[in-house]
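Convention: sequence-line order gives letters A, B, ...; per-chain numbering from 1.
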Protein chains: 2
Amino acid sequence: MDRLPKTDRLILILKDLLDNPGRLFPLSFFSNRTGAAKSSISEDVALIRKALEANGLGQIRTVPGAAGGVLYLPGVREEERASLCRELVTALSDPRRILPGGFLYTSDIIFSPTWSNRIGRVFASWFAEEAPDYVITVETKGIPLALMTARALGAGLVIIRRDSRVTEGPVVTINYLSGSSGKIQTMSLPRRALRSGAKVLIVDDFMRAGGTAAGMLEIVREFDARACGIAVLIQTAEPSEKMVPKPTSLLTLKRIDVQKGQVDIEPTQV
Amino acid sequence: MDRLPKTDRLILILKDLLDNPGRLFPLSFFSNRTGAAKSSISEDVALIRKALEANGLGQIRTVPGAAGGVLYLPGVREEERASLCRELVTALSDPRRILPGGFLYTSDIIFSPTWSNRIGRVFASWFAEEAPDYVITVETKGIPLALMTARALGAGLVIIRRDSRVTEGPVVTINYLSGSSGKIQTMSLPRRALRSGAKVLIVDDFMRAGGTAAGMLEIVREFDARACGIAVLIQTAEPSEKMVPKPTSLLTLKRIDVQKGQVDIEPTQV
């Protein structure tokens with residue numbers, strides 16, 4: 001193709017990198033795409049790296065060697081994380097979110113592409129160094145957060161089902177005790193969904209006692225995979241002892257007062 | 001803040017636009033972020049527009065007036081759509097995907113952040129002119145595609161549940177006939193999940209007879225909302241008459257021969 005002007009090159013390269021976090025691009029990919037020499041591409045990538053890193057927007061990693069190239073890992077500035085927490089606390093404290101039974105309506109937030117993307121990027125920044133192969137969640141409400149986290153990490157997404165479907169082939173099913181309801185629940189995952197030895201990050205929208213996360217840990221072990229962490233959006237202050245190792249959470253829900261119409265939720269203290 | 005060099009400005013502006021498809025940014029937002037005058041920001045945006053549009057990567061729209069600004073709408077080149085179809089056909093024709101009962105294993109593809117993002121951007125490009133307020137799907141397998149479509153459209157995401165949960169408040173429930181199984185099934189949506197008068201795009205991973213899509217259409221009408229289209233990844237060739245208006249699909253599944261281990265799937269002819 002014709003050689004593109006430098007500005008166009010920068011824009012094209014940046015778009016490919018941002019659209020594909022965690023994906024390794026050989027410099028020759030951008031040479032072919034823009035008609036520029038690899039040396040020019042190197043300079044462009046250096047400019048992009050400098051601008052992103054100086055502004056806390058993520059990192060560009062260079063992998064040396066014949067199979068090497070460059071890849072983008074999203075970053076989250078501390079200021080951005082803090083402002084996300086503040087905005088979430090404001091949105092979730094709205095008394096109109098209180099549902100009969102003392103539950104909190106959160107679906108509009110956790111299903112929103114904008115919110116879930118922001119939350120997923122924070123989750124990813126917590127575990128980027130671990131470089132998990134998969135993000136795993138159980139249907140349904142955790143899926144958008146898990147997908148956006150996986151996207152930001154350049155990882156795959158695995159969704160555990162509550163029941164086994166005939167359309168997914170042989171499955172592994174476990175029964176587990178839900179800590180909140182005290183009921184026995186079921187989780188299923190197709191045999192082929194997760195390879196043995198994989199490193200996974202567990203993501204969910206909400207944790208009370210941690211029974212669901214404990215079930216996910218069990219199913220992960222059943223596949224001879226291993227979990228490198230548990231990220232949740234909201235954990236409850238009580239019970240303070242969870243059925244799993246301490247999750248990493250953005251928010252802690254202390255109390256919902258149905259009578260007074262008050263939601264007491266705050267950024268999790270670390 | 002200090003005035004940033006032009007390259008840094010371009011990179012920061014482009015990143016904000018790409019990260020937030022469909023979101024309107026006042027030029028003053030970028031002025032504050034980069035320390036540059038609005039006139040410089042205008043020039044930067046013009047450069048970005050030119051590079052994106054010349055390369056078929058999307059559009060930058062300018063909204064005039066005091067409440068105006070600029071927004072990014074992702075675009076998909078015809079070449080990109082065609083290559084996505086080819087790659088999907090190759091991946092899905094793998095005989096190892098054939099499951100007992102003549103089903104096709106697709107979860108690894110439709111759950112993958114990379115594939116679902118590419119598919120969602122194509123779905124979004126089909127309906128961008130309609131500017132739907134929400135993308136709607138029914139749990140579980142359609143969720144990643146629906147989320148990525150919503151993200152590319154700058155729309156919200158609404159997820160219909162198969163059963164009603166106590167944690168989502170009052171719900172509207174409908175019963176519908178699954179065209180494939182001939183069984184009565186249930187769908188529920190919280191009252192507050194969809195506002196009356198909203199324009200919605202229906203997204204799903206798979207359509208055989210169209211019973212599920214018909215159920216979604218019914219629930220959309222029940223909320224006094226209206227559907228502007230139905231996008232599915234795979235529709236089956238048979239039955240050729242669906243229970244809903246013709247969906248827009250990427251792929252048509254003609255036949256699965258379990259004995260010979262053959263999957264006959266091809267790009268949908270338009």
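- Proximity to chain B involves both the backbone and the side chain of A:Leu147, based on heavy atoms less than 4.5 angstrom apart.
- Ranked by non-hydrogen atom pairs under 4.5 Å with chain A, the options B:Leu104, B:Asp19, B:Asn117, B:Ile98 are led by B:Asn117.
- Neither side chain, A:Glu79 nor A:Ser83, offers a donor N or O lying under 3.5 Å from an acceptor on the other.
- Between B:Met148 and A:Arg151 the shortest heavy-atom distance is CE-CD, 3.4 Å.
- Across A:Thr236 and A:Arg208, no two heavy atoms sit closer than the pair OG1-CA, 3.3 Å.
- For B:Tyr72, there are no ring pair (Phe, Tyr, Trp, His ring centres under 6.0 Å) partners two or more places apart in sequence or in a different chain.
- For the residue pair A:Ala152 and A:Pro74, the shortest heavy atom distance occurs at O-CD, 3.0 Å.
- When each of A:Leu52, A:Asn20, A:Leu18, A:Thr114 is checked for heavy-atom pairs under 4.5 Å with chain B, A:Leu18 comes out on top.
- Proximity to chain B is limited to the side chain of A:Pro190, based on heavy atoms less than 4.5 angstrom apart.
- Under a cut-off of 6.0 angstrom, the local environment of NZ in B:Lys6 is crowded, with over 12 non-hydrogen atoms contributed by other residues, nucleotides or ligands.
- At a 4.5 Å heavy-atom cutoff, A:Asp108 makes no contact with chain B through either its backbone or its side chain.
- For a residue to count as touching a neighbouring chain, one of its non-hydrogen atoms must lie under 4.5 Å from one of that chain's; by this rule A:Arg192 touches chain B with backbone and side chain alike.
- Contact record, B:Met187 with B:Ile160: CB-CG2, 3.6 Å, taken as the closest heavy-atom pair.
- Neither the backbone nor the side chain of B:Ala146 comes within contact range of chain A; no heavy atom of the residue lies under 4.5 Å from a heavy atom of that chain.
- Only the side chain of A:Leu10 comes within contact range of chain B, judged by heavy atoms closer than 4.5 Å.
- Looking at B:Arg23, neither its backbone nor its side chain comes within 4.5 Å of chain A, counting heavy atoms on both sides.
- With a 4.5 angstrom heavy-atom cutoff, B:Leu47 touches chain A via backbone and side-chain atoms both.
- Contacts of A:Thr106 with chain B are absent, with no heavy-atom separation under 4.5 Å from either backbone or side chain.
- Separation of atoms OG (B:Ser125) and CG (B:Leu153) is listed at 9.0 Å; rounding is to 0.5 Å.
- Among A:Ala193, A:Pro144, A:Ser112, A:Gly156, the residue making the largest number of heavy-atom pairs under 4.5 Å with chain B is A:Pro144.
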